[in-house]
Structure formats: structure tokens, C-alpha cells
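These notes are about the structure you will find just below.
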Amino acid sequence: MQTAFIVLHLIVTVLLIVVVLMQEGKDPGMRGIQGASSDMGDSFFKRAGGTTKEKMQTRLTSTISVLFLITTIVLVVLTAN
């Protein structure tokens with residue numbers, strides 16, 4: 001049982017790392033030096049309302065983070081016994 005949760009925990013960990021690395025930064029970068037606003041030249045996904053790419057990635061990150069927390073707690077409980 002503990003081995004199955006360790007494998008699940010490793011899969012969730014790798015997924016969390018990948019999802020976090022896929023997200024774009026909110027820093028304007030070099031555009032901030034020129035005084036340009038952070039929304040200049042944004043794509044359709046950033047301007048559109050509702051379910052944008054950024055919002056879906058945020059939800060996915062939150063969901064995987066909760067799974068990571070749950071698998072961590074389960075592993076701690078299994079190891080304590």
C-alpha cells in the first residue's frame with residue numbers, strides 16, 4: 001500500500017513541477033523599463049474573459065497542489081504506523 005502511494009506521490013510531484021514551469025511569469029520584463037503597461041501586446045487568451053489559458057493553468061496548479069498535499073499526508077500517516 002505504501003509503495004503505491006509513493007509512486008502516486010512521485011507522479012503528482014513531477015506533474016506539479018511541469019505545470020508550474022509551463023506558466024508564464026507576471027513580470028513585464030524589459031517592457032517595464034520603458035514604462036509600457038503589462039497588457040500591451042497580449043494574446044487573445046489574456047484578453048478574453050471566462051476560461052482563459054492562464055485561468056485553466058491556475059486551476060490545474062491548485063488541483064495538483066491539493067493532490068500533492070493529500071498524498072504527502074497519507075504517506076506521513078502510513079509511515080507513522
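From a predicted model like this one, the values you see are computed outputs, not experimental measurements. Along the sequence shown, the residues carry numbers beginning at 1.
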Exercise for the section: Check which hydrophobic residues are tied to V66 through side-chain heavy-atom contacts below 4.5 Å, counting indirect links as well, and list them. Expected result: M1, F5, I6, V7, L8, L10, I11, V12, L15, L16, V19, V20, L60, I64, L67, F68, I70, V74, L75, L78
Completion exercise
Applied to residues 12-22, the side-chain hydrogen bond (donor to acceptor under 3.5 Å, both in side chains) test, sequence neighbours excluded, yields none
Practice task
Among Ile, Leu, Val, Met, Phe, Trp and Tyr joined by side-chain contacts under 4.5 Å, find the other residues sharing a cluster with I17 and list them by chain and number.
Solution key: L21
Problem - Which residues share a side-chain hydrogen bond (donor to acceptor under 3.5 Å, both in side chains) with T61, sequence neighbours left out - result: Q23
Exercise for the section: Please list, chain by chain and in numerical order, all residues satisfying side-chain hydrogen bond (donor to acceptor under 3.5 Å, both in side chains) with Q2, sequence neighbours excluded. Expected result: T79
